Amino acid sequence: MSLTITPLSPALGAQISGVDLSRQITAEQRDAIEQALLQHQVLFLRDQPITPEQQARFAARFGDLHIHPIYPNVPDTPQVLILDTAVTDVRDNAVWHTDVTFLPTPALGAVLSAKQLPAYGGDTLWASGIAAFEALSAPLRGLLDGLTATHDFTKSFPLERFGSTPEDLARWEATRRNNPPLSHPVVRTHPVSGRKALFVNEGFTTRINELSELEGEALLKLLFAHATRPEFSIRWRWQENDVAFWDNRVTQHFAVDDYRPNRRVMHRATILGDAPF
Ligand SMILES: O=C(O)CCC(=O)C(=O)O
Ligand SMILES: [Fe+2]
């Protein structure tokens with residue numbers, strides 16, 4: 001069976017069919033998926049009723065998996081975290097963000113599987129940092145290319161929402177201690193494709209290091225708005241057993257919070273990446 005790749009928008013996104021993620025994929029399939037990911041930045045697959053083990057096995061074909069410090073995970077498969085609105089406050093995913101940029105080596109990508117969905121609502125959007133960067137004027141691209149920004153775990157995981165029980169509080173405190181604010185380049189070069197992408201996100205980026213507070217604040221506001229414009233983004237309307245696989249090095253995403261109190265359950269396997277440059 002050969003892979004069919006259908007692009008969904010000019011900036012990013014493609015639907016893939018002709019692969020069954022419940023089985024071990026071949027080396028050829030793995031490489032074809034990686035090529036598609038590099039080109040389209042987020043891939044969508046329909047009708048993939050996978051177990052957490054199968055999800056972790058698929059994701060692990062692309063790198064080592066990350067165990068999230070805060071989100072609950074599947075007991076027998078801790079590499080798969082659970083985003084269940086009945087259990088966890090997931091409102092902070094309704095902010096444009098790139099996953100775990102509070103780490104020195106943020107995720108390469110993530111594989112997200114839709115387990116239980118509201119009848120409607122709960123869409124997710126992705127935006128291309130490559131398209132956003134390339135659309136900026138040359139003078140602004142030149143300025144941004146030399147800058148670094150601070151990323152802070154506590155911006156998207158505030159104590160008020162993640163420290164309600166003594167265990168939660170202890171976990172949050174330890175995570176904060178182990179993940180002090182750090183710096184990443186404002187413009188990142190993709191380690192494989194060499195393409196440049198805007199790499200600041202509203203979820204975790206707090207300031208631009210080389211600028212004054214006022215300058216940095218204004219510039220970040222501009223960049224957050226620019227990077228998530230409709231023409232650089234795609235919106236996915238989930239069906240149960242859909243899988244999304246995104247390149248977290250050059251994209252950000254936003255989970256729309258419009259369906260509560262209905263329940264929504266997603267499983268995520270996160271692939272470790274390398275230090276941005
Ligand atoms: O629930 C979603 O659609 C996405 C949540 C999210 O931000 C993530 O899984 O990284
Ligand atoms: Fe996320």
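Ligands are counted one by one from 1 in listed order, and the atoms in each one are counted from 1 as well. Quick caveat: nothing in here was measured; it's all calculated off a predicted structure. Computation of the quantities below employed the complete heavy-atom set of this structure, encompassing side-chain atoms and omitting hydrogens, waters and symmetry-equivalent molecules. Count residues from 1 along the sequence.
- Nearest to atom 5 (C) of ligand 1 by heavy-atom distance, out of Leu117, Val256, Leu125, Asn93, is Asn93.
- Atom 7 (O) of ligand 1 has as its closest protein heavy atom His97 NE2, 2.9 Å.
- Near Thr124, with a cut-off below 4.0 Å to any heavy atom, the atoms of ligand 1 are 2 (C), 3 (O).
- By the 30° and 60° cut-offs, the orientation of the rings of Phe204 relative to Phe157 is parallel.
- Side-chain atoms of Gln48 and Ser113 include no donor-acceptor pair closer than 3.5 Å.
- Between His253 atom NE2 and His97 atom NE2, the angle centred on the Fe ion (ligand 2) amounts to 90° (nearest 10°).
- The name of the N, O or S atom in Asp99 nearest to the Fe ion (ligand 2) is OD1.
- Atom numbering of ligand 1 starts at 1 in the shown order; those under 4.0 Å from a heavy atom of His253 are 6 (C), 7 (O), 8 (C), 10 (O).
- Neither the backbone nor the side chain of Phe254 comes within contact range of ligand 1; no heavy atom lies under 4.0 Å.
- When only interatomic distances are considered, the shortest N/O to N/O separation between Asp99 and ligand 1 falls below 3.5 Å.
- Protein heavy atom in closest approach to atom 1 (O) of ligand 1: Arg264 NH1, 2.8 Å.
- Using a 4.0 Å cutoff on heavy atoms, Trp126 does not count as a contact of ligand 1.
- Only side-chain heavy atoms of Leu112 come within less than 4.0 Å of ligand 1; its backbone N, CA, C and O stay farther off.
- Under the 30°/60° scheme for interplanar angles, the aromatic rings of His184 and His151 are found to stand perpendicular.
- Between His253 and Trp246, a ring centre-to-centre spacing shorter than 6.0 Å is recorded.
- When each of Thr205, Thr206, Ile208, Val200 is paired with Thr150, the side-chain contact (heavy atoms from CB on, under 4.5 Å) condition holds for Thr206 and for no other.
- Between Arg188 and Asp274 there is a salt bridge, with a side-chain nitrogen of the basic residue lying less than 4.0 Å from a carboxylate oxygen of the acidic one.
- Annotation: Phe224 is not in aromatic contact with Trp96 [ring centroid separation under 6.0 Å not met].
- Between Asp152 and Lys155, none of the side-chain N atoms (NZ, or NE/NH1/NH2) sits under 4.0 Å from a carboxylate O, so this pair counts as no salt bridge.
- Near Ala255, meaning under 4.0 Å from any of its heavy atoms, are these atoms of ligand 1: 1 (O), 2 (C), 3 (O), 4 (C).
- Looking from atom 10 (O) of ligand 1 to the surrounding protein, the closest heavy atom is Arg268 NH1, 2.6 Å.
- Cluster annotation: Leu169 is connected to Tyr71 through the hydrophobic network of ILVMFWY side chains, with a link wherever side-chain heavy atoms come within less than 4.5 Å.
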